Amino acid sequence: MDFNYTEEQLALQDTLRRFIARDYGFEHRRESAKSTDGFDRSAWKTFADFGILALPFPEGFGGLNGNAVDTMLVMEMLGRGLALEPYVSTVVLCGGLIRDAGSTEQKETLLPAVAGGELMLAFAHFESGSRYAVDHVATTATANGHGWKIDGAKAVVLGAPSADKLLVSAKDGKGISLFLVDAKIPGVTLRAYPTQDGARAADVKLAGVQVGADALIGTAGNALPAIERALDYANAALCAEAVGIMSALNEVTLEYLKTRKQFGQPIGKFQALQHRMADMVIATEQARSMATLAAVRADSADAAERSRSVAAAKAYVTQSARLVGQQAVQLHGGMGVVDELNVSHYFKRLTMIGLTFGDADYHLGRFSDTLTMPHECF
Amino acid sequence: MDFNYTEEQLALQDTLRRFIARDYGFEHRRESAKSTDGFDRSAWKTFADFGILALPFPEGFGGLNGNAVDTMLVMEMLGRGLALEPYVSTVVLCGGLIRDAGSTEQKETLLPAVAGGELMLAFAHFESGSRYAVDHVATTATANGHGWKIDGAKAVVLGAPSADKLLVSAKDGKGISLFLVDAKIPGVTLRAYPTQDGARAADVKLAGVQVGADALIGTAGNALPAIERALDYANAALCAEAVGIMSALNEVTLEYLKTRKQFGQPIGKFQALQHRMADMVIATEQARSMATLAAVRADSADAAERSRSVAAAKAYVTQSARLVGQQAVQLHGGMGVVDELNVSHYFKRLTMIGLTFGDADYHLGRFSDTLTMPHECF
Amino acid sequence: MDLNFTTEEQLFREEVRGFLRAKLPAEISHKVLGGKRIEKSDFVRWQQLLNEQGWGAIAWPEAFGGTGWNAVQQHIFDEECADAGAPMQLPFGLKMVAPVIMEFGNPAQQQRFLPHIVDGSDWWCQGYSEPGSGSDLASLTTRAVREGDHYTVNGQKTWNTLGQYADWIFCLVRTSTEGRRQKGISFLLIDMKTPGITVRPIIMLDGEHEINEVWFEDVRVPLENLIGEENKGWTYAKFLLGHERTGIAGVGRSKRELKKLKEIAATETTNGRPLIEDQRFRDRIAQVELELMALEITNLRVISAEGEKKRAPGPEASILKIKGSEIQQMLSELQMQALGHYALPYTEEALEADWPGDPWMPDYADYAAPLSGHYFNYRKTSIYGGSNEIQRNIISQMILGL
Amino acid sequence: MDLNFTTEEQLFREEVRGFLRAKLPAEISHKVLGGKRIEKSDFVRWQQLLNEQGWGAIAWPEAFGGTGWNAVQQHIFDEECADAGAPMQLPFGLKMVAPVIMEFGNPAQQQRFLPHIVDGSDWWCQGYSEPGSGSDLASLTTRAVREGDHYTVNGQKTWNTLGQYADWIFCLVRTSTEGRRQKGISFLLIDMKTPGITVRPIIMLDGEHEINEVWFEDVRVPLENLIGEENKGWTYAKFLLGHERTGIAGVGRSKRELKKLKEIAATETTNGRPLIEDQRFRDRIAQVELELMALEITNLRVISAEGEKKRAPGPEASILKIKGSEIQQMLSELQMQALGHYALPYTEEALEADWPGDPWMPDYADYAAPLSGHYFNYRKTSIYGGSNEIQRNIISQMILGL
């Protein structure tokens, strides 16, 4: 039982905290969101320098052999900074998929490029009409003499507009497979848009897209377990990001309660608001506990235990984030619903986290369905 | 659109209000609860004098032709007084069943006796293992030369210990039938107990109970619609009772907030408690609206509309009653959890209402299941 | 006790429906029902159409050009308009300044201003809140100094809704700093074209320009634009705040949005079945529908009681505000949640009436586009018009006597 | 960052389990697990058995006869005891007065009182609250007047838990009315056999006698029973209130009750299937299990941090109290709800250990009998020990600085 970060982890946390505070202020973030890419490519380079793009990869492939707790730490800091860079898409999801499902050659080619910040990836998996079902893939892959032909459409692919390559899930005869698809080749069309929280995504059409045999990640038809793992890992990362945001939002709100005056006193003197703030703090501490659980269990070899814990954490953290986000806005009054302050941006990002890779009800359902089985409490 | 009581209704309300205030105080109620019957037989006589035992019956059978709104009015006042008398069992449920399903002769024999306060009845319907399913009846009725033989067991029959006769639901070959069974005849055994709220109930065993052909209420196998209607009517009545209790509990709690002093001022000066009290008042007003809906719709000829509205009301009122009951206790602090004050007794009765004839989830489910059909809002 | 509408009320409802079918322009209802951006011209055109029918001011007395309808009729009208997709009639002229002008204005003011409100030719906005005075309105500091035949106004107002279109603003200004803060406030009507007025947009969290700051720099306001007496403005302000009643619960609009929520949930699929067949989500709809059913009846109870003039408005207005805003928020949240992945895209162009939809996205992404923005935007409903915390203060202190 | 227990901790857990298997009397665990009434003799017998093992005071320093266990060990012990159905060790002696005696008592007091707490021979109760001072403890009025070699105590205490069995009571009394109210309070230990003490039962809403009023009429208390200095009692009282830490979250007991809830839901049937297969009810269990999972980890975070002495106890104690009590209440409410019709009967005799069950009722009605009473009774958990409102005051004012 140990709730401490290691010395190295603390050092990395400190580095990121200082970077966010000094070089990733709110106005900088606003400019980045408006730029063509929708994020800051120089920040991405800095991330590479910090090593966080190499974090979850094995040392043999240019990585740092980090675990999900390392990722938690990074995500919490990125959350505080409302970082727009597609870290989850490129590193956590696609990097993780290649690490878990790719061939040695693919890992050798791709992971160092991700780690170095030269290769950006996006995971084109969910489809319209499938909602959050992980195993629903209508996109098809047909083997032919040149490799594979892929047809289908993918919905709301996060990070796609800036991705060099897409990891596309598709069904062949046997099951679900993963293909590495260059975003610029014929047949691939993107309709890009910003997301509500200022990031970028795209709907992706794949019409007779021809890729070589080497585009197949790992072996054909066996990608589902790796996809499930990657999404659990990503959801654990989102939990940590949410906790970072909630902490920051509580700080901002507490400061507002202490400085905003009405009826001749700081509004933080009103007991109803004090108790609201107390509930926000409680929710955040509880969410932090669950995000910790998710991080520790995301690395578990037992898939059922991993999924159950991550589902529990995502459901709970989303509920907590809803309370904290909504109440931070409410306690700010009019200042909570304007674009000018960071409050509304934190709130929007928290809301979108809750709707990414499964909403609270979806994850509650996953967890609830395990209840008939015997378990220790966590 | 009219939310007013008629002159007659207001007069009855006034009569009951004065009776409760003058003759049915909390200490009187406590004594009644401790007595052998668990209620006050002289109050029952007074109810007969007031006419409320005759309320929902047709004039031709000694009744007053009252509707569910009249019953609502009565139940609200009985709620304020935490009346222990088995009004719902005898008048609303059994009286209603005989009215709706009985033969003319049965109505002529039974309803005037109920109206006069000479006959007390209990509805022996639910069984262990069936939870709240209305159509689940394992008790059997077998036709024989002498009439019917009944075998089975009924769970938690409210009002049974004081009932002269039981209305027993049983399955024959065709469907569910209702039988009037003398509580004292061979084969009928009761295990009586108090309920959590100070009323009385019993588990009832029926072992080879022989009743005559005239014990069958109405025709064989057709009782389910009448049972459903009677339970809807009873649930509407319970909603009104809950609203009466919630109003009374709010008054008591408000008074406590104004008089109890801590830190040199009435605790009602603390904003967190003020807002709690405001939420209790809001919940009660909203519950009153739903109880009104239930009362108006309980008389509806359209069974689907009736059931949907009553389910909605019972679910909602139970949720509101939970909030009001729990918070009334909380705001009273230690004084809320002692037997001495009426607060805890109101709370316990509210809790039991919520668990009688279906809990909030059961009724929410009934309502939710209708959602795929088109409806106006109420 | 009867929850049914009378025959006359039903006939009235039919009349309203007939009018809406005949006169409500399809291009406007398309925008409203689709959650598109509503233009100034849409609001004005609809007000003109209502005025032509004699229904420009449903809550006003007939003497001032109103319909004289009772509260239940007004409720039916509101409900039908919402259901048909008529734009909301903005309250600033009709429901806020007009009752003050009728009650406290002089005949000249009544003749000058009221007809232009009914016929839609004057667009009004509100100058109450200031950066330093939100919930604590009486702390306002915008100064009006009497100089000969006019006041000179200096200061800043904020949370001014749609003032970028306004012809007139009604303002609370400080005309005295002596005595209790409430004693030195006056109620002024100010022509927005007066030199010295600057309107600066405030962008909301959904990216829309709906509110403004309004700056006053040596703005000259003729004395004749003072309502009632100098330093009595707080009385008029409280009258105004307490006056708006029908419609505060927003039942009609919430019923429309509930219907839309069910449509979305019937379209969106999960595991190959409509989302509404998923018990977990359906229960959430059921729960908000229960709240709305209760509120609809509570609302009718309140307006019926007021209609009979049996008593003064009670705590009910605050109950209606609290529950009404919470239900709006719940509905917009569930609409967003229902969308699944398509809650994420921010497609500003989808707010335009002539957006053709996007062949890239599935059909439902068309109606989906504005919904997350609505959820964000509707957080304002528990903040504006007296925050829900202030409403709970009102219930507990003014009504319950705590 | 590691959520697994170390090998030593796991071995320690095995040791505790072995002890419980060997020594916890079945007739006692039967009562605890069945929700039966626990007698004084049960509490005392269990304390004696623990004492024989050297585990009578797990949180005390070894110097005073404690185990010297660290916080994680204490947590494991609590958890295993709860799961096995050991009775709670009452806090009044062990966790409340003992730390005060250790910190502020003189050696004579320490020798006189501490061993008898560990071996179960002295039963302690608490004399803090008074009818007029609940949350506002400093307003207490029970007077102690120094007269020669003793104090004469007059006044009334209330919310005294299980004082009907007590040998000793620790009391806050007023020894001075000068200066700030907090300045005139002293901390006295009083022998319950002293003439002038009357214990009057207060019956709780579940019908049980668990608390009392304690009246003092000219009760003579030797000066040597004063803890520390006269008029410094408030300092000791605050120390006491802030001291109890492990166990406040009640995680072990709540895990046991969650298990029980699932067992009930697997037994009770609806539509012929176990209730736990009903998604609506299962989701409710899931929701409280999420809360408990989070609390378990929060609790471990707090006690780990304290164990490392890296910082003083923070807002976490109040978080643990609030969440812990809410979860206990939710669990008892769901247990009651799970019962369906059998939530209604009040079967007092079922609280007796030797109740044979009732052949009339279905099997599950046996375990059902105490559960509604528990729900009612557990409303106290958000009231006692500093109400949850007071806890929120503490978080917002003491910690957040509001």
Side-chain angles (χ1 to χ4, degrees), chain A residues 126-133 136 153 155-156 158 189-191 193-199 201-205 260-264 267 270 272-273 276 322 326 329-341 343-345 347-348 351-352 354-356 359-362 364-365 368, chain C residues 129 131-139 158-159 202-208 211 268-272 275 278 280-281 284 329 333 336-337 339-349 358-365 369 372-373 375-380 382-384 387-389 392-393:
Chain A
F126 292 105
E127 303 179 2
S128 136
S130 72
R131 211 166 162 86
Y132 304 120
H136 173 103
V156 194
L158 297 172
T189 336
L190 269 64
R191 197 235 169 230
Y193 41 75
T195 52
Q196 295 286 345
D197 47 15
D203 281 18
V204 177
K205 267 201 185 162
R260 169 72 174 171
K261 288 201 175 71
Q262 292 277 274
F263 305 103
I267 59 173
F270 290 98
L273 308 194
R276 206 80 61 80
R322 174 178 183 267
Q326 290 183 351
V329 168
Q330 182 73 21
L331 293 181
H332 274 85
M335 298 309 290
V337 290
V338 296
D339 178 74
E340 184 189 343
L341 268 61
V343 182
S344 66
H345 296 265
F347 168 56
K348 289 197 284 186
T351 306
M352 290 302 124
L355 295 166
T356 301
D359 62 15
D361 280 350
Y362 170 77
L364 178 69
S368 178
Chain C
S129 295
S133 63
S135 293
D136 182 14
L137 190 56
S139 68
T158 190
W159 311 128
I202 297 174
I203 302 303
M204 288 279 282
L205 79 173
D206 59 352
E208 295 296 295
I211 50 173
E268 168 80 3
T269 56
T270 177
N271 295 320
L275 180 59
D278 174 84
R280 203 173 277 117
F281 194 79
R284 296 210 185 274
Q329 292 178 333
E333 187 167 8
M336 172 180 73
Q337 190 188 334
L339 300 174
H341 305 296
Y342 281 96
L344 271 69
Y346 172 67
T347 334
E348 200 202 340
E349 56 274 29
D358 194 309
W360 283 100
M361 292 185 175
D363 290 348
Y364 61 81
S372 293
Y375 166 66
F376 297 137
N377 183 282
Y378 285 178
R379 299 318 301 173
K380 74 187 177 192
S382 52
I383 294 168
Y384 67 26
S387 74
N388 286 11
E389 287 79 15
R392 285 188 171 85
N393 284 351

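Every chain is numbered from 1 and lettered A, B, ... according to where its sequence line falls, protein lines coming before strand lines. All of these numbers come straight from a predicted model, not from anything done at the bench.
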Can you tell me which portion of [X] sits under 4.5 Å from chain C's heavy atoms? Options are side chain, backbone, both or neither.
X	result
A:Ala155	both
A:Leu158	side chain
A:Leu341	neither
A:Thr189	both
A:Tyr193	side chain

query: Looking at C:Met336, C:Glu348, C:Gln337, C:Lys380, which makes the most heavy-atom pairs under 4.5 Å with chain A?
result: C:Gln337
Select, from [options], the one with the greatest count of heavy-atom pairs under 4.5 Å involving chain C.
options	answer
A:His136, A:Arg322, A:Lys205, A:Arg191	A:Arg191
A:Val337, A:Thr195, A:Asp359	A:Val337
A:Leu273, A:Leu355, A:Asp197	A:Leu355
A:Thr356, A:Leu364, A:Asp339, A:Val329	A:Asp339

- prompt: Is the count of non-hydrogen atoms from other residues, nucleotides or ligands lying under 6.0 Å from A:Glu340 atom CD greater than 12?
  reply: no
query: Tell me, do A:Val343 and A:Met335 make a side-chain contact under 4.5 Å, heavy atoms counted?
result: no
message: In the structure I gave you, are the side-chain heavy atoms of A:Arg276 and C:Glu389 within less than 4.5 Å of one another anywhere?
response: yes
field: Residues which pass side chain to side chain contact (heavy atoms under 4.5 Å, CB included) with C:Ile202, listed by chain and number, not counting sequence neighbours
entry: A:Val338, C:Thr158, C:Trp159, C:Ile211, C:Glu213
message: Which residues pass the side chain to side chain contact (heavy atoms under 4.5 Å, CB included) test with C:Ser133, not counting sequence neighbours?
response: C:Glu130, C:Ser139, C:Leu140
message: Between C:Arg284 and chain A, with a heavy-atom cut-off of 4.5 Å, which part of the residue counts as in contact: side chain, backbone, both or neither?
response: side chain
- prompt: Which atom names give the shortest non-hydrogen contact between C:Ser135 and A:Gln262, and what distance separates them?
  reply: N-OE1, 2.8 Å
- prompt: Would A:Tyr132 and A:Asp361 count as having a side-chain donor-acceptor pair, cut-off 3.5 Å?
  reply: no
